[in-house]
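In what follows, every heavy atom counts, from backbone to side chain, and hydrogens, waters and symmetry copies are set aside. Letters A, B, ... mirror the listed sequences (proteins, then strands); counts begin at 1. None of these values were measured; they are calculated from a predicted model.
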There are 2 protein chains.
Amino acid sequence: MTHQPQQYRSPDGLPVDIAIFTITSHAKLGNYRMLADRRLDVLLVRRSASSEAFPGCWALPGGFSKEGETLLEAAYRELKEETNVDRDVTIEQIKTVYYPGRDPRGWMPSVLYCTLVKEAYLLKLAADTDADEVRLFPLDEALKMKLAFDHNELLQDALNYVQTKMMTTTIAKQFLPEEFTIRELYQVIQTVVPSFEEDIANFKRNLMTTKARQGLIREAVTADGQPKTTDRNSNRPAQLYVYTDYEPRISIYNSGLF
Amino acid sequence: MTHQPQQYRSPDGLPVDIAIFTITSHAKLGNYRMLADRRLDVLLVRRSASSEAFPGCWALPGGFSKEGETLLEAAYRELKEETNVDRDVTIEQIKTVYYPGRDPRGWMPSVLYCTLVKEAYLLKLAADTDADEVRLFPLDEALKMKLAFDHNELLQDALNYVQTKMMTTTIAKQFLPEEFTIRELYQVIQTVVPSFEEDIANFKRNLMTTKARQGLIREAVTADGQPKTTDRNSNRPAQLYVYTDYEPRISIYNSGLF
DNA sequence: ATAATAGTGTCTTTTAGACACTATCGT
DNA sequence: ACGATAGTGTCTAAAAGACACTATTAT
């Protein structure tokens, strides 16, 4: 990389880190079709053994934004480099950290992003990459590890952000297929925010029939207008739903605390 | 791809901009004590006529973070430099922008912060500074001006952030005295989020008696345990309240849309 | 008495929560 | 018939919303 001498010499990019979350499914054994267990995972990469700082440590993926590239573009590039995901995923900026001593090597801010990726998009990951270099960790496990730099804090910040957004926006859709069942929606919310608990019958009614949430999701229908169902979670088919583009401005799943 | 050691020298700071909001009071004329009108204002500074970029333009205050200083410390320093406020105010980070061509002079990201300052803290501002260089603008006016750089967008982002937080957290307290009336609280919310409208009698009842919001604010009492009142807004004294440290995790003022 | 804000009371509708119950399907 | 999930119905309690009413104070 070349640069012009200036009053202060500066890089043409900024360091960008990204927390890539996914929900993995773990089928239960049994004679009947049952709901899979689900778990929140985060993708970490291992720093090379010859790294100057934190060699061999697991860390959030990241890199420098390049000349002519926005920060968000750099985040998308990182995502693609690590997971080969090059699809319609949303990436959001969480925060920027910079304080003296953050990196033993000197000046090193970091702009933290996060994204929620459907499990299906990551199927190739296991096949294509060396699991000793890039892999998904269960979130609670990752939080207990000693990550490089201040990545434990960054990961916690990202988690808090996602949990808040999960209860106040429709980001659950990023973890769900286009068409999903009420139970799947409920399960996604609970996987991200375990303290969310509600009678599922009431959950459905509150979601579908109260004024403030009317139109948040609607029933999926086939080409000829018939209700669309799936039997992927149970023998008895269940109604599918889709999100509309309505974004309520409060906690969208109940009107009290969660 | 993780961070590479840098091959180039770099600045030891980052540019920091700060949106400083306040609510100004404007007393109405009349023979009786009346509630003041309130308005949301933002502080802007004028760039010098000899600036290389955007000379003479109004802009959000900002500057570079210094060596040995965190970004947040830099934001506090900026706040003090512009307003002489050196008190218990909260400053929050909103976002970081960086994209090619943002600054005609070259590399220029910006880390945007915002803060809410009580009007009382800014009383000296008018006296101490040249109003042609630093002054408060009504927010709607500021949004219509042609500000330097991308500060129109930054200001809008800051406003959106504050509006969202106003409805989902207790930041209203940053605009209020320690002890305030229900009406003052209501007025602050409405000043920041004009679409918030509610029968004030119901507002009070919902705030004080519903389970999810129980304990959010409580009645102020004197040393001997008597209810504390004020007559600053009306001839009839009104009960004062204080915030507790309870932070509900939903829209805290009603359970529907706002 | 009046103007202004503070505060109470009551009635109706909507929403929340608990929980028992029925339905469907593959094995 | 059974296991599992899907979905319905009903009763009670809590909350929201509309709105009329009373209270307090300086002038």
Side-chain angles (χ1 to χ4, degrees), chain A residues 27-38 179-187 190 196-214 216-217 219-220 227-241 248 250-258, chain B residues 27-38 179-187 190 196-214 216-217 219-220 227-241 248 250-258:
Chain A
K28 281 184 284 202
L29 307 149
N31 297 319
Y32 302 92
R33 224 173 309 191
M34 294 162 66
L35 218 53
D37 287 329
R38 285 172 216 274
E179 301 178 334
F180 53 87
T181 67
I182 296 281
R183 186 128 205 162
E184 285 167 349
L185 171 56
Y186 179 76
Q187 207 181 22
Q190 262 212 50
F196 178 80
E197 274 183 41
E198 191 168 357
D199 178 301
I200 194 142
N202 290 336
F203 173 72
K204 179 183 174 179
R205 185 163 41 72
N206 292 340
L207 197 50
M208 302 305 292
T209 69
T210 65
K211 270 190 212 159
R213 306 185 254 291
Q214 279 281 10
L216 178 57
I217 62 172
E219 299 189 354
K228 220 164 154 185
T229 60
T230 182
D231 63 355
R232 61 186 173 231
N233 297 315
S234 62
N235 289 324
R236 172 171 176 175
Q239 177 65 48
L240 286 167
Y241 294 83
I250 51 157
S251 167
I252 55 181
Y253 300 108
N254 63 9
S255 78
L257 298 176
F258 54 84
Chain B
K28 280 183 286 202
L29 305 150
N31 296 321
Y32 302 91
R33 224 171 312 189
M34 295 162 68
L35 218 52
D37 287 329
R38 284 171 216 274
E179 300 178 334
F180 53 88
T181 67
I182 295 282
R183 186 131 205 155
E184 286 167 349
L185 170 56
Y186 180 77
Q187 208 182 21
Q190 260 212 3
F196 179 79
E197 275 184 40
E198 192 169 355
D199 178 301
I200 195 143
N202 290 337
F203 173 73
K204 179 182 176 183
R205 187 164 40 73
N206 292 340
L207 197 50
M208 303 305 290
T209 69
T210 65
K211 270 190 212 160
R213 305 184 255 290
Q214 280 279 10
L216 179 58
I217 62 172
E219 298 189 355
K228 221 165 156 184
T229 60
T230 182
D231 63 355
R232 62 187 171 229
N233 297 315
S234 62
N235 289 325
R236 173 172 176 175
Q239 177 65 48
L240 287 167
Y241 294 83
I250 51 158
S251 166
I252 57 181
Y253 300 108
N254 65 9
S255 78
L257 297 175
F258 54 85

Whole Å only: how far is the CD atom of A:Q239 from the P atom of C:dC25? 14 Å
Between C:dA4 atom P and B:D231 atom CG, what is the distance in whole Å? 17 Å
Can you say whether a donor on the side chain of B:N202 sits under 3.5 Å from an acceptor on the base of D:dA18, or the other way round? yes
Quickly work out the B:L207 CG to D:dG17 P distance and round it to whole Å. 14 Å
May I ask you to say what B:I182 touches in the nucleic acid, namely base, sugar-phosphate or nothing, with a heavy-atom cut-off under 4.0 Å? nothing
When all nucleic acid strands are considered with a 4.0 Å heavy-atom cut-off, which category describes B:I200: base, sugar-phosphate, or nothing? nothing
Any non-hydrogen side-chain atom of B:Q187 less than 4.5 Å from a side-chain atom of B:F180? no
Would you indicate whether the side-chain heavy atoms of A:P237 and A:T230 approach each other to under 4.5 Å? no
Taking only side-chain N and O atoms of B:N206, does any of them lie within less than 4.0 angstrom of OP1 or OP2 on D:dA16? yes
Out of C:dA16, C:dA3, D:dC19, whichever nucleotide has its closest atom nearest the side chain of B:A201: D:dC19
Worked verdict on A:F203 versus A:L207 for side-chain contact (heavy atoms from CB on, under 4.5 Å): CA-CA 6 Å; A:F203 173 72; A:L207 197 50; 4.0 Å; yes
Take atom NZ of B:K204 and atom P of C:dA6, then tell me their distance rounded to the nearest Å. 10 Å
Any idea which of C:dA4, D:dA6, D:dT25 is nearest the B:N235 side chain? D:dT25
Measure distances between side-chain N and O atoms of A:R205 and base N and O atoms of D:dG9, and say whether any donor-acceptor pair falls under 3.5 Å. no
Answer yes when B:D231 and B:R236 have at least one side-chain N-carboxylate O distance shorter than 4.0 Å, and no when they do not. no
I want to check one thing: is the phosphate of C:dC25, taken as OP1 and OP2, less than 4.0 Å away from some side-chain N or O of A:R232? no
Is there a side-chain contact between A:I182 and A:Q239 in this structure, where contact means two heavy atoms from C-beta onward sitting under 4.5 Å apart? no
Identify, between A:T209 and B:N233, the residue whose nearest nucleotide on DNA chain C lies closer to the 5' end. B:N233
Would you kindly give the CD-to-C1' distance between B:E197 and D:dG17, to the nearest whole Å? 14 Å
Per A:T181 side chain, nearest of listed nucleotides D:dA6, D:dT27, C:dT5: D:dA6
Is the shortest side-chain N/O distance from B:R33 to OP1 or OP2 of C:dT2 below 4.0 Å? no
Report the distance from atom CG of B:L216 to atom C1' of D:dA15, rounded to the nearest whole Å. 16 Å
Nucleotide of C:dT5, C:dT15, D:dA15 approaching B:K28 most closely (side-chain heavy atoms): C:dT5
So that I can tick it off, tell me whether B:K228 and B:E219 are bridged by a salt bridge, with the cut-off set at under 4.0 angstrom between side-chain N and carboxylate O. no
Starting at atom CG of A:L185, determine the distance to atom C1' of D:dA6, rounded to an integer number of angstrom. 15 Å
Could you state the atom-to-atom distance from CG of B:L240 to P of C:dA6 in whole Å? 11 Å
Nearest listed nucleotide, side chain of A:M34, among C:dG7, D:dA4, D:dG7: D:dA4
Name the residue closer to the 5' end of DNA chain D, choosing between B:D199 and A:Y241 according to the nucleotide with the nearest heavy atom. A:Y241
